[in-house]
Amino acid sequence: MKKSNKFFLLTISILFLFFSCKKNSLLVLSGEVKNSTSKKIDLYSMSDELIKTIHLNNDNTFIDTISLPEGYYDLIIEKKRLQVYIKPKFNLSIILDAKDIHNSIIYKGIGANENEYLFKKKLLNQELKKVTNYKYYAKLNESSFLKLMDSIYQLNKNLFSNHKKEFDRDFIFIESKSLLYKNLTIISSFENLHRLVSGKKDFKTSKNFPNPFDKINLNNEKLFISPDFFYFVESYIEKNAMRKAKKNSTDYYLSYANIIDSEIKSNKIKESLAYNIGSWSLGYTKELETFYTKIDEMLVNEKYKQEIRKSYDKIKRTQKGAISPSFELYDLNEKLISLESFRGKVVYIDIWATWCVPCIKEMPSLKKLEQDFKGSDIVFISISKSDTKEKWEKMIFEKKLSGVQLFAPDDNIPFFKDYSVNGLPRYILLDKEGKIINSNAKRPSDSTLKGQLESLL
């Protein structure tokens, strides 16, 4: 299940709905940001929702009293992201130089030990960045992969153990479990990722491969403030949804929603998971009406119900038979191309990015289709999303890509919004009159796509 950056982050902010902020739940956040140019600090939830902007004083110091539930948050300082753990009654002070955060940061007060550890954990995992990239570890054989995961887990556990006696009791429980669940989530993804990077579509792990979901508790509300636990629960649902959808030939997203509804007993966790999947996947399900109804039934908070309803109404406008939303984008020669200029032709649109591995995997199949239909009334349009122009141009020449190649300057163009493009790759099929045949069309590698295109000529 491919997610955009917005939704690849967790919807932990939903938990604010379920935790009351009483008078004794205040925390104090203070400090100094030397050499600051922005004169502010933004506090975000783990879902990238802006909670508060803290303005610096003239001397670059700051102090604010905040009412928030216990959890992991992000501070954005000079466009740099700093994860923090805070809870009611903390009195945390952070002092740093904006020009050299890594070598200058100092934590003081109640909560200092926990956050100093988190910073050290971040530095450790930056050092491990090469081997924790799935493009590296997913290529390994099963035995080597498991040894690597165990080594990484032990390194993180050792760092945690070296500071454990200094920590808040709640943090000890949550963070120790977070390390475990992060490790198990990666293990759970190995089979599918190995298939992806190796090209071995029938690859299966051995009978001795550990079951990461053994004795899983999906309803632990105490752990749910941990991003790593959230990802772990999602991994469990994803794997089972794929299995059920394949076995019963049903829609994956509807299977996902049904598992949430049937297996998640905690209303807090159920709503958060339902909102997360509903927020980005309405445009992908083949059972829009049933899927939307199921998500809506699991949502209690009116704000989230309205958000999902708004997305639903927008997607309804891009259903089969509707006139497609348009675009005006530049090609390699800086020529402005509009969708209307292809009226009279069947249009197959590929939305991709240079960093998207599944997108690149589809390129040979797409090039083959372009050759098969050369000279016909089918036009193949590829639109680059969430990318840089330099990388886009480089890949076009390196891969010798054909068709109509267009570059989207940002993710906020109306075309992407109208189609709710939250994941890549995405394919859209239009008829000769510009009407939508499928807003979530078959991939180029789908053996039935060629026959469908031929039937439209």
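Only this structure's heavy atoms are used, side chains among them; waters, hydrogens and symmetry mates stay out. Residue indices begin at 1 and follow the sequence shown.
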So, [X] and [Y]: side-chain donor and acceptor under 3.5 Å apart, yes or no?
| X | Y | result |
| --- | --- | --- |
| Glu263 | Tyr236 | yes |
| Glu289 | Tyr312 | yes |
| Thr285 | Tyr292 | no |
| Asp446 | Thr448 | yes |
| Tyr85 | Glu70 | yes |
| Tyr275 | Glu307 | yes |
| Ser402 | Glu370 | yes |
| Asn183 | Asn156 | no |
| Ser226 | Ser178 | yes |
| Thr205 | Glu142 | no |

In terms of heavy-atom contacts, does [atom1] of [X] have more than 12 from other residues, nucleotides or ligands at under 6.0 Å?
| X | atom1 | result |
| --- | --- | --- |
| Lys270 | NZ | yes |
| Phe173 | CZ | yes |
| Lys450 | NZ | no |
| Lys391 | NZ | no |
| Lys122 | NZ | yes |

State, to 0.1 Å, how close [X] and [Y] come at their nearest heavy-atom pair, and which atoms those are.
| X | Y | answer |
| --- | --- | --- |
| Ala257 | Phe291 | CB-CE1, 3.8 Å |
| Leu457 | Ser376 | CD1-CB, 4.3 Å |
| Met149 | Ile187 | CG-CG1, 4.3 Å |
| Ile308 | Gly278 | CD1-C, 3.6 Å |
| Gln405 | Ile396 | CB-CD1, 3.7 Å |
| Lys432 | Asp377 | NZ-OD2, 3.8 Å |

[X] vs [Y] side-chain heavy atoms within contact, under 4.5 Å:
| X | Y | value |
| --- | --- | --- |
| Phe380 | Val404 | no |
| Val347 | Leu429 | no |
| Ile383 | Trp352 | no |
| Ser266 | Asn220 | no |
| Ile428 | Tyr419 | yes |

Would you sort out whether Asp296 and Thr293 count as a side-chain hydrogen bond (donor to acceptor under 3.5 Å, both in side chains), showing the intermediate values? CA-CA 5 Å; Asp296 185 66; Thr293 300; over 6 Å; no
Checking ring-ring contact (aromatic ring centres under 6.0 Å, His included) against His194, which of Phe203, Phe209, Tyr134 comes through?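 Only match with His194 under ring-ring contact (aromatic ring centres under 6.0 Å, His included): Phe203.
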Trp392 and ring-ring contact (aromatic ring centres under 6.0 Å, His included): which single residue from Phe407, Phe397, Tyr330, Trp355 fits?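 Of Phe407, Phe397, Tyr330, Trp355, ring-ring contact (aromatic ring centres under 6.0 Å, His included) with Trp392 is met by Phe407 alone.
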Under a 4.0 Å N-O cut-off, is there an ion pair linking [X] with [Y]?
| X | Y | answer |
| --- | --- | --- |
| Glu49 | Lys303 | yes |
| Lys121 | Glu175 | yes |
| Lys177 | Asp228 | no |
| Asp418 | Lys314 | no |

Does the cation-pi check pass for Lys385 over Phe416, that is, NZ or CZ under 6.0 Å from the six-membered ring centre and within 45° of its axis?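 Yes - Lys385 lies over the ring of Phe416, closer than 6.0 Å to its centre and within 45° of its axis.
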Given the ring of Tyr284, does Arg426 sit roughly above its face, with NZ or CZ under 6.0 Å from the centre of the six-membered ring and within 45° of the axis?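 Yes, Arg426 lies over the aromatic ring of Tyr284.
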Lys368/Asp372 under salt bridge (charged side-chain N to carboxylate O under 4.0 Å, His left out): CA gap, chis, key distance, verdict: CA-CA 6 Å; Lys368 175 90 168 45; Asp372 290 342; 3.2 Å; yes
Worked verdict on Tyr72 versus Ile86 for side chain to side chain contact (heavy atoms under 4.5 Å, CB included): CA-CA 7 Å; Tyr72 295 83; Ile86 52 182; over 6 Å; no
Trace of the side chain to side chain contact (heavy atoms under 4.5 Å, CB included) decision for Ile264 with Met298: CA-CA 11 Å; Ile264 306 298; Met298 291 187 281; over 6 Å; no
Is there a salt bridge (charged side-chain N to carboxylate O under 4.0 Å, His left out) between Glu78 and Lys80 once you walk through the steps? CA-CA 5 Å; Glu78 301 285 332; Lys80 295 182 177 66; over 6 Å; no
Side chain to side chain contact (heavy atoms under 4.5 Å, CB included) between Leu282 and Ile295, intermediate numbers included: CA-CA 10 Å; Leu282 285 173; Ile295 294 297; 5.6 Å; no
Hey, which of Leu339, Ile437, Val346, Ile323 is the one that makes side-chain contact (heavy atoms from CB on, under 4.5 Å) with Leu430?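 In the set Leu339, Ile437, Val346, Ile323, the residue that makes a side-chain contact (heavy atoms from CB on, under 4.5 Å) with Leu430 is Leu339.
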Among Asn248, Thr250, Asn240, find the residue that satisfies the side-chain hydrogen bond (donor to acceptor under 3.5 Å, both in side chains) test when tested with Ser255.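 Single pass found, and it is Thr250.
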Asp387 side chain to Thr354 main-chain N or O, any donor-acceptor pair under 3.5 Å?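 Flag set: sc Asp387 to bb Thr354 pair under 3.5 Å.
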Would you confirm whether Lys316, through its side chain, and Leu288, through its main-chain N or O, come within 3.5 Å as a donor-acceptor pair?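 A pair under 3.5 Å: no.
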Ring-plane angle category for Phe171 and Tyr117, please: parallel below 30°, perpendicular beyond 60°, tilted otherwise.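 Taking Tyr117 first and then Phe171, their aromatic rings stand perpendicular (interplane angle over 60°).
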Criterion side chain to side chain contact (heavy atoms under 4.5 Å, CB included) on Ile260 and Ile269, from CA distance to verdict: CA-CA 9 Å; Ile260 293 175; Ile269 297 178; over 6 Å; no
Taking the six-membered ring for Trp, is the centroid-to-centroid distance between Tyr231 and Tyr181 below 6.0 Å?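 No, they do not, as the ring centres are separated by 6.0 Å or more.
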Set of side-chain contact (heavy atoms from CB on, under 4.5 Å) partners for Ser262, sequence neighbours left out: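 Testing Ser262 for side-chain contact (heavy atoms from CB on, under 4.5 Å), a comparison that skips the adjacent residues, returns none.
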Checking Asp261 against Lys294 for the salt bridge (charged side-chain N to carboxylate O under 4.0 Å, His left out) test, could you report, in this order, the C-alpha distance in whole Å, the side-chain angles of both residues, the deciding distance, and whether it holds? CA-CA 8 Å; Asp261 195 31; Lys294 175 64 70 173; 2.9 Å; yes
For a salt bridge (charged side-chain N to carboxylate O under 4.0 Å, His left out) check, start with the C-alpha distance between Asp251 and Lys286, then their side-chain angles and the critical distance, and finish with the verdict. CA-CA 6 Å; Asp251 180 64; Lys286 296 176 182 178; over 6 Å; no
List the residues meeting ring-ring contact (aromatic ring centres under 6.0 Å, His included) with Phe145, not counting sequence neighbours, and say none if there are none.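 If we apply the ring-ring contact (aromatic ring centres under 6.0 Å, His included) test to Phe145, skipping adjacent residues, the hits are Tyr137, Phe190.
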